[in-house]
Amino acid sequence: MIDVRHLSKRYPNHTAVDDVSFTVQEQETLVLLGTSGSGKTTTLKMINRLIEPTTGSVEINGVDTRRQVPHELSRSIGYVVQETGLFPHYTVRENIAIVPRLLHWDKNRIQNRTLELLAMLRLPEKILTAYPDQLSGGQRQRVGLARALAAHPPILLMDEPLGALDPITRAEIRQEFRNLDELRQKTVILVTHDIREALELGDRIAVMDDGKIRQIGTPKELVLKPAHAFVQRFLGDQWLALQLQVVTIGDLEAHLPDEPAEIEDRVLPRETSLHDALAHLTKTGSVRLPGAERSIRIRPAGLWTAFHQFVRQASF
Ligand SMILES: Nc1ncnc2c1ncn2[C@@H]1O[C@H](COP(=O)(O)OP(=O)(O)OP(=O)(O)O)[C@@H](O)[C@H]1O
């Protein structure tokens, strides 16, 4: 568990981070979301001590990070940055092996782990002898992740890991990241300014503005109950679309009409977002939804009414 308490970073003319506190449970992903200059990167770097806090403390599993030697800390915390921070004069193989070598792993172990990471991240073995600038942006990003994961750190800090990619590759890699078992077992803090990315990847999201956390909560809490004017502004004109993304058809169960089942269509899983259910509806005209003891067939108007009732109830 990561416990951040009253963390501040003050520069002579500027307070970059102002009394920030939060905890991240084991295997949880917390997203720091905010506009440029809101203090996200500074907060992240105070966790692995690349930046020393002016005041406040960070504890990892009950141990104050100031009591740990910095290089030991960096071995237990993987770090992925935008543009990956790969060493340009090292091959992919050498980049991935950096931390295992520091830990004196033998050659075979490094080789096995490297091949395992390549397979996991769908990278071809032939890139092992390539240099970072010979790879595509998406490949570089995957190698950056492989390097951070190499020595099995329990914690992963990611600063705009997909920031340099085009929207399509970005969405693809996001999907891949979500499905990686190894990543799901990590405690992750991820920095982004992209609200969709935050909603897709975060178990909880901390919205930062002007060095402070304005709201912290699950994607649903944030979108359905924005607690601060800044958070509302951040959601802006995407609000409806974001609601459709976070509300699942399972949420709507209590609000659905009790229509008889007609078994002709695919049953959508409960965790299907309303966005995806509506997309399916426009193709098929109706969808079947799972119920506790029934499956019902529903048309667009029924789904919209249920959504409207759920959002009204959830946001008060
Ligand atoms: N070394 C420094 N000296 C003075 N001010 C700094 C220093 N480092 C950061 N800042 C300021 O602190 C604020 C927060 O910076 P930080 O990099 O944490 O923001 P951010 O939310 O990560 O932004 P971005 O998304 O643009 O990276 C900014 O206004 C920045 O200019």
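Counting starts at 1 for both ligands and their atoms, in listed order.
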(request) Please tell me if the side chains of Met120 and Leu149 come closer than 4.5 Å, counting only heavy atoms from C-beta onward. (result) yes

(message) So Gln243 and Phe307, do their side chains get closer than 4.5 Å, heavy atoms only?
(response) yes

(message) Yes or no, since that's all I need: does a protein heavy atom fall within a distance strictly under 4.0 Å of atom 31 (O) of ligand 1?
(response) no

(request) Could you pull out, from Pro12, Gly37, Gly211, Ser38, the option with a heavy atom nearest to atom 23 (O) of ligand 1? (result)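 Among Pro12, Gly37, Gly211, Ser38, the closest heavy atom to atom 23 (O) of ligand 1 comes from Gly37.
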
List the closest protein heavy-atom neighbour of [atom]: residue, atom name, distance to the nearest 0.1 Å.
| atom | value |
| --- | --- |
| atom 25 (O) of ligand 1 | Lys40 NZ, 2.9 Å |
| atom 26 (O) of ligand 1 | Ser36 OG, 2.6 Å |
| atom 5 (N) of ligand 1 | Tyr11 CD1, 3.4 Å |
| atom 12 (O) of ligand 1 | Ala16 CB, 3.1 Å |
| atom 16 (P) of ligand 1 | Thr42 OG1, 3.4 Å |
| atom 17 (O) of ligand 1 | Thr41 CB, 3.7 Å |

Salt bridge or not for [X] and [Y], using N-O below 4.0 Å?
| X | Y | result |
| --- | --- | --- |
| Asp251 | Lys220 | yes |
| Asp106 | Arg109 | no |
| Asp194 | Arg196 | no |

(message) Applying a heavy-atom cut-off of 4.0 Å, say which part of His14 lies close to ligand 1: side chain, backbone, both or neither.
(response) side chain

(request) Can you sort out which atoms of ligand 1 are near Thr35, meaning under 4.0 Å from one of its heavy atoms? (result)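 Atoms satisfying the 4.0 Å criterion: 21 (O).
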
(request) Give a yes/no on ligand 1: does His193 have at least one heavy atom closer than 4.0 angstrom to it? (result) no

(message) Tell me every residue that passes salt bridge (charged side-chain N to carboxylate O under 4.0 Å, His left out) with Arg49, counting only those two or more places apart in sequence or in another chain.
(response) Glu52

(message) For the residue pair His89 / Glu94, report whether a side-chain donor-acceptor contact shorter than 3.5 Å exists.
(response)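 No, because no side-chain N or O of Glu94 sits under 3.5 Å from a partner of the opposite role on His89.
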
(request) Count the heavy atoms belonging to other residues, nucleotides or ligands that lie under 6.0 Å from OH of Tyr90, then report whether that count exceeds 12. (result)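 No, because the 6.0 Å sphere around OH of Tyr90 holds 12 heavy atoms or fewer from other groups.
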
